Structures are given as structure tokens and as C-alpha cells.
Amino acid sequence: MDITPKAPIQTQVDTDLARRFPPRFLWGAATASYQIEGAVHEDGRGSSIWDDFSATPGKVFEGHTGEVAADHYHRVEEDTDLMVRLGLSAYRFSIAWPRIVPEGRGAINPAGLDFYDRLVDTLLEKGIQPFATLYHWDLPSPLERAGGWLNRETAYAFADYTEIVARRLGDRVASWITLNEPWCSAYLGYGIGVHAPGRTDRQGAIDAAHHLLLGHGLAVPRLRAQVPAGTPVGITLIVNPVYGADERAETARDVKLAHAFSNAWFLDPIYRGSYPEGFFEAMALNPPPIQEGDLEIISAPLDFLGVNNYSRTLIRGAQEQPLADSCQAVAPIPNACYTDMGWEIYPHGLRDLLVNVARDYPVGNIYVTENGAAFPDTWDGGETINDPRRVSYLRSYLTACAEALEQGVPLRGYFVWSLMDNFEWAEGYAKRFGIVYVDYSTQRRIIKESGYWYAELLNAFNNNN
Ligand SMILES: OC[C@H]1NNC[C@@H](O)[C@@H]1O
């Protein structure tokens with residue numbers, strides 16, 4: 001049955017592209033709790049570091065906060081109907097720790113569990129597989145007051161929280177992701193302070209990263225103990241392919257450094273049980289406070305790796321060796337195209353990183369758990385929003401996924417970021433990633449041209465399989 005909404009605009013139906021994906025490939029969209037839910041003071045939810053950070057003057061664009069966001073907390077029916085209209089087979093969302101355990105540890109908030117219970121049941125009723133992320137950056141504020149991810153105890157609190165959620169939802173959630181992009185939590189949040197909690201201490205980033213990884217490793221067995229055998233468990237990492245701008249030896253050296261900083265810092269401990277050789281020296285920092293057995297815990301076997309990718313980094317080597325996090329990126333890149341975030345559009349980077357990660361690490365299966373683009377979408381009150389650049393971005397990155405599949409990469413699914421426009425962290429609501437537009441003054445949802453294009457692609461895929 002063709003459920004695709006009749007697009008008010010004619011989008012080219014990419015039937016050839018749809019044909020390049022294997023049967024049972026999962027097509028989804030992704031969001032995160034603080035970015036879409038709103039209702040931050042409702043039903044017993046506690047405060048998070050993003051409530052505190054966004055309330056701090058000067059931290060977020062024009063003082064935007066997640067207080068209302070896209071009001072998803074009150075619109076589950078409407079938003080899951082949207083997912084059906086788009087033809088999604090899966091939906092990746094995150095669970096707000098402060099809704100479940102408001103203090104971070106201790107008392108459980110039943111209303112918080114009830115909300116996600118309803119969301120999961122609604123998704124299943126509508127034939128959509130729930131992919132749940134346990135931590136997408138909204139750490140309960142009381143834990144941050146006790147040191148946050150600088151405090152080893154937070155790793156244990158995360159494992160306790162994980163068990164609480166898995167005990168309630170484990171029988172119905174299709175796949176579990178422990179952390180979203182711990183690199184961002186550690187480096188942006190504790191290293192350079194552009195994300196919550198806004199700390200600026202590079203050694204702190206190293207220490208926080210270790211405790212995030214430890215929390216991940218502690219959570220895996222706690223999850224597996226609560227969910228049906230065989231339920232896939234994984235982690236989502238931002239993976240940023242690094243390329244050299246020339247053939248000089250110092251460029252090759254700096255590409256290696258930048259890859260360690262961007263990617264191997266997390267991939268290596270998870271999949272090799274050790275940090276990259278020489279990484280802490282290359283950061284001119286001390287190793288984190290690793291305790292006996294930590295790396296065994298962190299490298300707990302996983303069923304899949306979630307890859308988030310948006311762009312790439314192009315490096316030109318310096319004469320003297322830079323620190324791993326200060327390699328010189330080429331910007332702007334001649335003749336390159338950029339999204340509204342200032343990120344270069346480079347779809348080959350996704351193909352290359354998928355091929356390289358599958359070759360270099362025992363990842364089992366891979367999902368692209370986020371890929372998408374921000375563009376300055378405007379709505380004139382009409383039936384839709386023309387966003388041809390986002391259509392072109394998605395078509396080119398999905399072509400890269402198809403090329404990776406044809407090279408044997410075990411790619412099992414793709415989640416577009418994002419289902420709908422939402423709170424884009426320090427950029428607030430100024431950046432729109434959705435394939436569905438949100439008019440924040442009325443909370444009206446308007447499917448963009450890219451949404452109709454995606455729905456047509458999924459429909460063509462379903463017609464092939
Ligand atoms: O910047 C776009 C997205 N990147 N990954 C994490 C998400 O929370 C962001 O909105």
C-alpha cells in the first residue's frame with residue numbers, strides 16, 4: 001500500500017538509489033530528549049546540565065533553552081503519526097536521565113518511566129522499531145555538582161540508571177545505544193566549555209572521557225541482564241574522517257594525530273581495549289585515572305557501532321608538531337560547499353570512514369545513527385518548505401552509504417538527523433536540521449521537501465522488497 005503523502009512538490013523519486021540497499025535495511029530518523037521534548041519542569045523531571053547551561057547568559061544563542069523545544073512531550077501521537085507518514089521503520093530517541101532518576105542516583109520517578117513506556121508502545125503499535133539512546137548529554141544536575149563525568153562515581157550511577165530503564169522497557173526496545181557521542185560530552189563539555197557543563201580544562205576532558213567510557217562498559221552487562229537474549233547493544237560515536245591536503249610528511253603526521261584525537265581516542269579503548277599509542281603525550285596531558293580492569297570493562301563486546309557523520313576534516317601539516325587537538329584544518333576549502341553549520345559537504349568521507357572502520361575494528365554491525373544537514377529553511381505559510389540543498393545532501397550521503405555497502409560494509413540501517421527541527425545545543429533554534437519544519441510559535445509541523453523525498457525513497461525501497 002502506497003502510504004507516501006502526496007508531495008505538494010514534485011520530488012525526483014530516487015528508485016535507483018533505493019534499489020542499492022539490501023532487504024531488511026532499516027530506515028529511520030533520530031532525535032534526542034533535551035532537543036525536542038520540552039516540559040522540563042513537568043511530571044517530576046529533575047534538572048540537567050543543559051537546563052543549567054542554557055540558563056547561563058551567553059552560553060546559548062540568544063539565550064534559547066530546551067524549556068519548550070518542539071513540545072514533543074505533549075505531542076507523541078502527532079509526531080509518531082508523522083513518522084508513519086514518512087514511512088520510517090525505526091525511530092532513534094534518547095531517554096532523559098533526569099526524568100527517570102531526578103537526582104541522578106536514588107529515587108526513581110515513575111512518571112518519567114511512564115512517558116517512555118507510552119512512547120515505546122505507541123511506536124510499536126505503529127510498526128516502528130524503537131532505538132533507545134540512554135545518554136544524549138542531559139546529565140542530572142546533582143551529579144554535576146558532585147563532579148559530573150570527572151567523578152568516577154558518575155559511571156556507576158549511569159550503570160544503575162541503565163538497569164532501571166532496561167528493567168522497564170527492555171522487553172520492547174529493539175536496540176540499545178548506551179552513549180551518544182562521548183567525544184562531544186568530554187571535549188566540548190569539559191575541555192573547551194562550548195557545551196554543558198561548560199568546563200574548560202583539557203585534562204578534564206581526558207578524565208571525563210575515561211569515566212564516560214567506563215560508564216558505557218559498566219552499563220553493557222547491566223543492560224544485557226535485563227533484556228531478551230540477542231537484543232542488540234551498541235554505542236554511538238561521532239566519526240570524523242581526516243584527510244591530508246598535500247603529500248608532505250608533516251601533513252601525514254598531523255592527519256594521524258587528528259584521527260587519534262577525533263576518532264581513535266574512543267574507538268581504540270572500546271574495540272581494542274587500549275588508548276591509542278602516544279595519544280596522551282600528543283595532547284601533552286596525563287593519562288586519565290585508569291584503574292585495574294577498567295579497559296576490560298570498557299571493551300565489553302558490542303553488537304553494533306552507531307556512526308554519526310556530518311562532514312570531514314582536511315589537514316595541512318605544520319612545520320613543528322602540533323598537539324593532537326590543534327592540528328591545522330584547511331578552512332575554507334577551495335570550491336567546497338558548506339551547510340549552515342559551516343561543515344563541508346563531503347559524502348565520500350562517509351563512504352571512506354565506513355569502509356575504514358569496518359576494516360580496522362571488530363564492530364560487527366554498523367548503523368549510521370545520525371547524518372543530515374542544517375540549512376536556513378524559511379516557511380511562507382504554505383504547504384511545504386523547499387529545501388533542495390538538503391535533498392541533495394541526503395541523496396549524496398545515502399549514495400555514499402550504498403557505495404560502502406557494495407564494498408562489503410555491514411551497514412544495517414540509516415537514521416537521518418533529524419526527524420524535526422530542534423534545539424541545536426549552543427546554536428539554539430537558529431539551526432534547522434529537520435526533514436520536518438517546526439514553527440516554534442505554534443508548534444506546527446510542516447513536512448519539508450526533503451521529508452517528502454525521504455518518504456518517496458523509503459516507499460520505493462519497500463516496493464522493491
Ligand atoms: O549537530 C547535529 C547533531 N550532531 N550530533 C548530536 C546531535 O545532538 C546534534 O544535534
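Counting convention: from 1, in listed order, for ligands and their atoms alike. Source: prediction; values computed, not measured. What you see below is based on every heavy atom in this structure, not just the backbone, and it leaves out hydrogens, waters and symmetry mates.
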If you measure from the Lys or Arg side-chain nitrogens to the Asp or Glu carboxylate oxygens, is any gap between Arg445 and Asp421 under 4.0 Å? no

Tyr187 ring center near Phe261 ring center (under 6.0 Å): yes

His136 heavy atoms within 4.0 Å reach ligand 1 at atoms 6 (C), 7 (C), 8 (O)

Evaluate Asn308 for polar contact with ligand 1, using N/O atom pairs at a separation under 3.5 Å. no

Show the atoms of ligand 1 that are less than 4.0 angstrom away from any heavy atom in Glu181. 4 (N), 5 (N), 6 (C)

Drop me the distance from Ile385's CD1 to Arg390's CZ, to the nearest 0.5 angstrom. 9.5 Å

Are Phe93 and Tyr91, when compared by the centres of their aromatic rings, separated by less than 6.0 Å? yes

Would the distance check show the side chain of Thr154 and the main-chain N or O of Gly148 forming a donor-acceptor pair, the cut-off being under 3.5 Å? yes

Supply the atom-to-atom distance Tyr310 OH to Asn371 CG, rounded to the nearest 0.5 angstrom. 7.0 Å

Using heavy atoms and a threshold below 4.0 Å, how should the contact between Trp343 and ligand 1 be classified: side chain, backbone, both, or neither? side chain

Option set Met341, Lys431, Glu370, criterion heavy-atom distance to atom 5 (N) of ligand 1, minimum: Glu370

In this structure, atom 10 (O) of ligand 1 is nearest to the protein heavy atom Glu424 OE1, 2.6 Å

Nearest non-hydrogen contact to atom 3 (C) of ligand 1 from the set Phe433, Trp137, Tyr310, Trp425 belongs to Tyr310

